[in-house]
Number of protein chains: 2
Amino acid sequence: MIRRLDREAWTRAALDAFEETGPSGVAVVPLARDLGVTRGSFYWHFESRDELLAAALELWEHEHSDAILEALQELHDPRARLEALGRAATSKPPSIFIQLLRAADDPIVGRVLERASRRRLEVLAKAYGDSGLSPAAARRRALIAYAQYVGLAFLVAEDPELLPDERSRAAYARELAAVLNA
Amino acid sequence: MIRRLDREAWTRAALDAFEETGPSGVAVVPLARDLGVTRGSFYWHFESRDELLAAALELWEHEHSDAILEALQELHDPRARLEALGRAATSKPPSIFIQLLRAADDPIVGRVLERASRRRLEVLAKAYGDSGLSPAAARRRALIAYAQYVGLAFLVAEDPELLPDERSRAAYARELAAVLNA
DNA sequence: ACCTGAACACCGTTCAAGT
DNA sequence: ACCTGAACACCGTTCAAGT
């Protein structure tokens, strides 16, 4: 029996591989092997391997990254929104986002990461602005908060021993909250 | 005339390529072309391309990363040391470090980055400890400060428009200092 | 001691031919 | 409309042969 695939099947498989291994996992020949077809069939659906990677990350942007931000925008009370953002920031970051951070030198990954970061910074700045800061101060505070999130996510992914248990994570979150509400 | 190279020449060339392009720039065939020899000659000096990348990054660790930390340790006044660290943190991060951050998914890059981060966190925690914090609090504060440094370096490398001019950098640094000295 | 040059494996890409 | 299979380019690696 001959397997028939569509663009979507390739894209989902590519996103799974990306979550597992990062951009190097999105490779035509191994994916084709896994999907039970030959490399040639891939080029019926896509122009190139880069187009596949871009499509997979676009899927993530629409289904996950944007969805989270939209849910947050539902919270009209700025204090509640900042609290929700704080909880999101101190809980475990999604593995796809971690992979994006860890492979930012890939041009396609870099573009997606920059778009996602821009949106998140806007949402954060809006929350700080709505809770009373001037636009410029809100933007700076958003940058500080998001840089902290990115830096910590990065470092802990690199070395989980930095925050090994729930107690250390809680102590870090308390200290960070004290520092950021100064 | 036949070119003769040693291990050091390959290592320097590899580090230059890494600074320019990241790990993908450390490729045997293109480097050999640049150096005017064939690929085969490379394997006289090194077991593998990975050994070359590791050697290049080791060079960076010894000549740059460690050197900076040792210079800082010379400052015995903890306040002066924290100030020097603050200046280092808000000035432009060295391009090799940025490349390390942007390619952390590479196993060899990841190892080097983790080692360097561990050392920097130790030095930071020691500075905070020497200036009066308890060991646990000093470690948390060090993590907050270093995560901020890493996160900002990362985001600004991705999108320089986040802090486009000297004025915005200064305003950010002021706000950050206010926040971190809370 | 250091380099050449040819070989092989692996992945990206193309394309004529099949169903 | 979707897939096969063979071809080519490119890079990592090996190794016998050269100087």
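Below, read A as the first sequence line, B as the second, and so on, with proteins coming before strands; counting in each chain starts at 1.
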> Does dC2(C) have a Watson-Crick or wobble partner in any strand here, with both distances under 3.5 angstrom, and which is it?
Replying inline: dG18(D)

> Who is the Watson-Crick or G-U wobble partner of dC8(C), with both distances under 3.5 Å?
Replying inline: dG12(D)

Separation of [N] [atom2] from [X] [atom1] (nearest whole Å):
| X | N | atom1 | atom2 | result |
| --- | --- | --- | --- | --- |
| His45(A) | dT4(D) | NE2 | P | 10 Å |
| Leu52(B) | dT13(D) | CG | P | 10 Å |
| Arg49(B) | dC10(C) | CZ | C1' | 15 Å |
| Arg39(A) | dA9(D) | CZ | P | 15 Å |
| Tyr43(B) | dG12(D) | OH | P | 6 Å |
| Leu5(B) | dT4(C) | CG | P | 9 Å |
| Arg7(A) | dC3(D) | CZ | P | 14 Å |
| Leu53(A) | dT13(C) | CG | P | 11 Å |

>> Using heavy-atom distances to pick each residue's nearest nucleotide on DNA chain C, tell me which of Pro30(A) and Glu47(A) is more 5'.
In response: Pro30(A)

>> Would you compute the distance between atom CD of Gln99(B) and atom CG of Leu57(B) and round it to the nearest 0.5 angstrom?
In response: 10.5 Å

Do [X] side-chain atoms and [Y] backbone N/O form a donor-acceptor pair below 3.5 Å?
| X | Y | result |
| --- | --- | --- |
| Thr21(B) | Phe18(B) | no |
| Arg49(A) | Val26(A) | yes |
| Arg7(B) | His45(B) | yes |

> Which nucleotide in the list dG5(D), dG12(C), dT19(D) gets nearest to the side chain of Thr38(A)?
Replying inline: dG5(D)

> Which nucleotide sits closest to the side chain of Val37(B): dA1(D), dC3(C), dG12(D)?
Replying inline: dC3(C)

